[in-house]
Peer 1: 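Take a look at this one; I'll ask things after.
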There are 2 protein chains.
Amino acid sequence: MMTRRKQLSEAMKASIRDAAAALFAEKGYPSVTMREIAKAAGCSHTAIYLYYNSKEELLQQIAIPSLLQLEQRLLELRGRREAVPEDRLLAVCEQYVVFCLTSGSLQTVLFMSGSVRVDDPSPELEVNVIRIRLFTHISQMLHETVTGASEAPDRESAAAIDNGRMLFYYLQGFISTYTGHLEPTAELLERTLPILRQGILTLVRGMKQN
Amino acid sequence: MMTRRKQLSEAMKASIRDAAAALFAEKGYPSVTMREIAKAAGCSHTAIYLYYNSKEELLQQIAIPSLLQLEQRLLELRGRREAVPEDRLLAVCEQYVVFCLTSGSLQTVLFMSGSVRVDDPSPELEVNVIRIRLFTHISQMLHETVTGASEAPDRESAAAIDNGRMLFYYLQGFISTYTGHLEPTAELLERTLPILRQGILTLVRGMKQN
DNA sequence: CGTCACAGTAACCATCGGTTATTCTGTGAC
DNA sequence: GTCACAGAATAACCGATGGTTACTGTGACG
């Protein structure tokens, strides 16, 4: 059966994954060493390479599930039709930003290093596929908020895409400004989230005037 | 006099500075090694530490002059009173963004890694002092554009600062999105500068409505 | 000419991500 | 029970990094 062996092996792999996820979130991807992960997972650093081919692949494997989880949360927020579009957009943007900041430069590193255009038709990394979907969700919500239409445009107008890009630049700037700060994230968010919201509303106000 | 010795020494220091500047601009700060710089400068990698305490300090020393040059260009653009405030603001923002993108992740690394708040009252690194001045210049121009006042507010209102932050997030997002892209910078700028301008104008429009 | 300060370096250190040769250990067949 | 084998895990190692230290070589100057 080989069951006990496989079981232990699976447990080791999971232990490595969890330890790495916690460390990446806590200290940021570049600052975490393979030996550190190994110690936290209870194995030698070479054992990690039995399950993951490289540090980068380990990051990807960890990032994908939590990215999908983020997407689910965004979709759930988007579906709350009892709230006005503006509030839904704010909630979604906030969720996105908080996610990027609390995952301790994990996602940011991913997004930065990808060097993939958000409108790239054939991205190679799965993480970028998900990212583009996130961009689409937020863009469509923005379009609804700006035009007042309750549905996404059947054919994505150029203006809608441009508006989405502007909002994304803004969010990305907010995130990259505060990524890697030493200040505790909770404190940081309390201090800066009002400005984030204000900026989004300012952008939306400006877009509505077109 | 010790002149000949000092002369050679100065030449060495300059050689290191120039070699490092070229390499940083070409390959990006993290990818350049001290040994690489040393080889290009014609010395041993340990010699670099006679003139600069660390790789980070070397980067700072290189960055400061070009940052000051950027500041001069911004001030010059700001002083062109024959143009409407909106156009001056656009020109300054564009200059700032182009500078960051064309210096090949040099300045961006600086700004990112500094982890210094733009409103930090006592920044330790000189590069951050300059950065905060740049922020102030652009913020004041933004304030003039939004309020129509021809002079900066004597006492910086909280609203003016918040508006400045929003614009800076936007610019920073634009920059960080396209930093490290493989696409030639000129081509990239031609494709993306219109959206940059449009976003700035959208923000300004939204701010005017307050 | 001797000596002294200092530019410059070779050898070294700890650490990194990653590879390889080896050891250890459950498992299944006899 | 025991023996051979597959595969999990590791110790030792590799080349590289940023940085330190103990030393050398050479201009400057009394």
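Residue numbers begin at 1 in each chain, while the letters A, B, ... track the order of the sequences.
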Peer 1: So does B/S44 get a side-chain nitrogen or oxygen closer than 4.0 Å to the phosphate oxygens (OP1/OP2) of C/dG8?
Peer 2: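 Looking at the OP1 and OP2 atoms of C/dG8, neither is under 4.0 Å from any side-chain N or O of B/S44.
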Peer 1: If the threshold is 4.0 Å, N to carboxylate O, is there a salt bridge linking B/E76 and B/R80?
Peer 2: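 Answer for the salt bridge query: yes.
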Peer 1: Is the NZ or CZ atom of A/K55 both under 6.0 Å from the centre of the six-membered ring of A/Y29 and within 45° of that ring's axis?
Peer 2: yes
Peer 1: Testing the basics here: between A/L193 and A/E94, what is the closest heavy-atom pair and its distance to 0.1 Å?
Peer 2: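 Distance-wise, the nearest heavy atoms are CD1-OE2, 3.7 Å.
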Peer 1: Looking at A/H45 and C/dG18, is any side-chain donor or acceptor paired with a base atom of the opposite kind under 3.5 Å?
Peer 2: yes
Peer 1: Which part of the nucleic acid, if any, lies within reach of A/T46 when heavy atoms closer than 4.0 Å are counted: base, sugar-phosphate only, or nothing?
Peer 2: base
Peer 1: Looking only at side-chain atoms of A/K55, point me to the closest of C/dG18, D/dA9, D/dG19.
Peer 2: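 That would be C/dG18.
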Peer 1: When both hydrogen-bonding distances must be under 3.5 Å and the geometry is Watson-Crick or G-U wobble, what is C/dT25 paired with, if anything?
Peer 2: D/dA6
Peer 1: Could you check which of D/dG18, D/dC13, C/dG8 has an atom nearest any side-chain atom of B/R35?
Peer 2: D/dG18
Peer 1: Starting from the C-alpha separation in whole Å, work towards a yes-or-no answer on side chain to side chain contact (heavy atoms under 4.5 Å, CB included) for B/R205 and A/M207.
Peer 2: CA-CA 8 Å; B/R205 220 180 298 131; A/M207 289 171 185; over 6 Å; no
Peer 1: By nearest nucleotide on DNA chain D, pick out whichever of B/L8 and B/E36 is the more 5' one.
Peer 2: B/E36
Peer 1: Taking OP1 and OP2 of D/dA8, is either one under 4.0 Å from a side-chain nitrogen or oxygen of A/Y51?
Peer 2: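 The answer is no; no side-chain N or O of A/Y51 sits under 4.0 Å from OP1 or OP2.
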